[in-house]
Amino acid sequence: MSITPDTMVFWEWGPITLNATIVFTWAVMALLVVGSWLVTRGLSSGRRTSRWQTVFEYAVTLIRSQIRDVAEQDPLPFLPFVGTLFTFILISNLLTVVPGFQAPTASLSTTAALSLCVFIAVPIFGISKQGLGEYLRSYLQPSVIMLPFNIIGEFSRTLALAIRLYGNVMSGSMIVAILVSIVPLLFPVIMELLGLLTGVIQAYIFAILATMYISSSTRSNANVEPNQ
């Protein structure tokens with residue numbers, strides 16, 4: 001039993017290593033790209049739409065509603081970024097039902113990369129909304145004494161975001177693997193279902209936290225838009 005997909009190496013040549021984390025990450029990315037193309041190639045704006053289009057429109061509406069509730073702002077600027085994070089983590093966790101597949105989110109390198117994306121997105125959204133000067137002044141709130149603490153907070157919450165997702169996904173996979181080896185009948189199936197539920201929850205929590213961090217950097221001059 002491997003704790004992380006980083007330890008499963010498929011190919012190695014000198015300093016170049018192709019492990020399960022890289023392979024399954026690209027597999028999820030390819031699945032999302034192909035799935036998006038298949039769903040959007042026949043979009044219809046009329047009354048008659050395909051079943052898949054209806055499902056995905058409902059999913060987008062639901063994500064947009066959640067972003068609005070958390071950010072208390074117009075969700076459209078955040079939707080592509082937060083929606084992509086949520087979808088990638090969700091699919092990665094759900095695909096663990098496929099034999100041999102290991103969720104790339106069970107690797108600290110993957111969760112660190114996702115958290116780094118959030119870390120970079122926060123100032124990008126903040127500066128685009130408030131301007132560079134206003135955004136930098138937010139680090140001096142409520143007083144200049146808080147500057148080092150605000151900077152440390154930026155790094156610490158990014159680290160916490162990565163470790164939280166990694167720890168929950170990895171520990172869930174380990175528990176299921178242990179139960180399968182001990183009691184290989186009904187109980188592991190129940191735990192597998194609970195593991196899938198946990199995967200959905202972790203994707204939701206990561207997306208919500210990312211929305212909170214980004215919206216906090218844009219809230220100073222933001223006005224809540226009317227419902228769309």
Side-chain angles (χ1 to χ4, degrees), residues 4 6 21-22 25 29 60-90 92-93 103-172 198-228:
T4 170
D6 291 339
T21 300
I22 299 174
T25 296
M29 293 168 58
V60 171
T61 302
L62 185 61
I63 294 174
R64 187 172 64 175
S65 175
Q66 290 296 308
I67 294 175
R68 177 182 297 280
D69 292 341
V70 173
E72 298 181 343
Q73 302 177 38
D74 178 14
L76 293 182
F78 311 133
L79 182 60
F81 179 71
V82 176
T84 300
L85 285 177
F86 173 76
T87 305
F88 175 82
I89 297 173
L90 177 66
S92 297
N93 293 342
T105 46
S107 167
L108 185 58
S109 59
T110 300
T111 60
L114 294 173
S115 299
L116 183 61
C117 290
V118 177
F119 178 78
I120 297 174
V122 168
I124 290 177
F125 280 98
I127 293 172
S128 64
K129 185 70 175 182
Q130 304 185 54
L132 179 60
E134 184 67 24
Y135 174 76
L136 293 178
R137 277 193 292 272
S138 67
Y139 285 95
L140 304 178
Q141 301 299 325
S143 68
V144 68
I145 300 177
M146 295 301 297
L147 175 61
F149 299 101
N150 288 332
I151 294 176
I152 293 174
E154 291 286 341
F155 288 97
S156 62
R157 71 184 185 185
T158 302
L159 179 62
L161 198 61
I163 295 178
R164 179 187 294 108
L165 179 61
Y166 163 71
N168 287 323
V169 175
M170 183 270 293
S171 61
T198 301
V200 174
I201 294 174
Q202 292 307 317
Y204 176 78
I205 292 175
F206 192 97
I208 289 297
L209 290 175
T211 303
M212 291 175 59
Y213 298 157
I214 294 172
S215 63
S216 66
S217 69
T218 63
R219 189 167 292 153
S220 179
N221 297 324
N223 294 321
V224 179
E225 301 289 338
N227 290 331
Q228 297 181 357

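Below, all heavy atoms of this structure are taken into account, side chains as well, without hydrogens, waters or symmetry copies.
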Is there a side chain to side chain contact (heavy atoms under 4.5 Å, CB included) between Tyr135 and Ile124 once you walk through the steps? CA-CA 10 Å; Tyr135 174 76; Ile124 290 177; over 6 Å; no
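Heavy atoms only, all atoms of each residue included: Ile63 and Gly83 are closest at CG2-CA, 4.4 Å. Asn93 and Ala103 get closest at one heavy-atom pair: OD1-CB, 4.2 Å. Pro77 and Pro80 make their closest contact through O-CD, 3.9 Å (heavy atoms, listed as atom of the first residue, atom of the second, distance). Considering all non-hydrogen atoms of both residues, Asn150 and Ser138 come closest at ND2-O, 4.1 Å.
Although no hydrogens or angles enter the test, the distance criterion places a donor-acceptor pair under 3.5 Å between the side chain of Ser92 and the main chain of Phe88. Checked by atom type and distance alone, the side chain of Thr105 never pairs as donor or acceptor with a backbone atom of Ile89 at under 3.5 Å. A distance-only check finds no donor-acceptor pair linking the side chain of Glu154 to the backbone of Phe119 [under 3.5 Å]. Using a distance-only test at 3.5 Å, with no hydrogens or angles considered, a donor-acceptor pair links the side chain of Gln73 to the main chain of Ser215. Between the side chain of Ser115 and the backbone N or O of Ala112 there is no donor-acceptor pair closer than 3.5 Å.
When each of Leu114, Leu90, Ile201 is paired with Phe206, the side chain to side chain contact (heavy atoms under 4.5 Å, CB included) condition holds for Leu114 and for no other. Considering Val118, Asp69, Ile67 as possible partners of Thr211, the one that fulfils the side chain to side chain contact (heavy atoms under 4.5 Å, CB included) test is Ile67.
To the nearest 0.5 Å, the span separating CD on Gln130 from OG on Ser217 amounts to 7.0 Å.
Here the side chains of Arg157 and Leu161 are not in contact, with every heavy-atom distance at 4.5 Å or above. Side-chain contact between Gln202 and Thr198: present, with at least one pair of heavy atoms (C-beta onward) separated by less than 4.5 Å. Contact of the Arg164 side chain with the Leu209 side chain is registered, since non-hydrogen atoms from C-beta on lie closer than 4.5 Å. A 4.5 Å side-chain heavy-atom check between Thr110 and Tyr166 finds every atom pair outside the cut-off. Counting heavy atoms from C-beta on, the side chains of Leu108 and Thr111 come closer than 4.5 Å.
The ring-ring contact (aromatic ring centres under 6.0 Å, His included) contacts involving residues 62-87 comprise Phe78-Phe125, where partners must be two or more places apart or lie in separate chains.
The side-chain contact (heavy atoms from CB on, under 4.5 Å) search around Ile151 returns Tyr139, Leu147, Phe155, not counting sequence neighbours. Listed by chain and number, the residues in a salt bridge (charged side-chain N to carboxylate O under 4.0 Å, His left out) with Arg137 are Glu134 (sequence neighbours excluded).
Heavy atoms from other residues, nucleotides or ligands lying under 6.0 Å from CG of Leu62 number more than 12.
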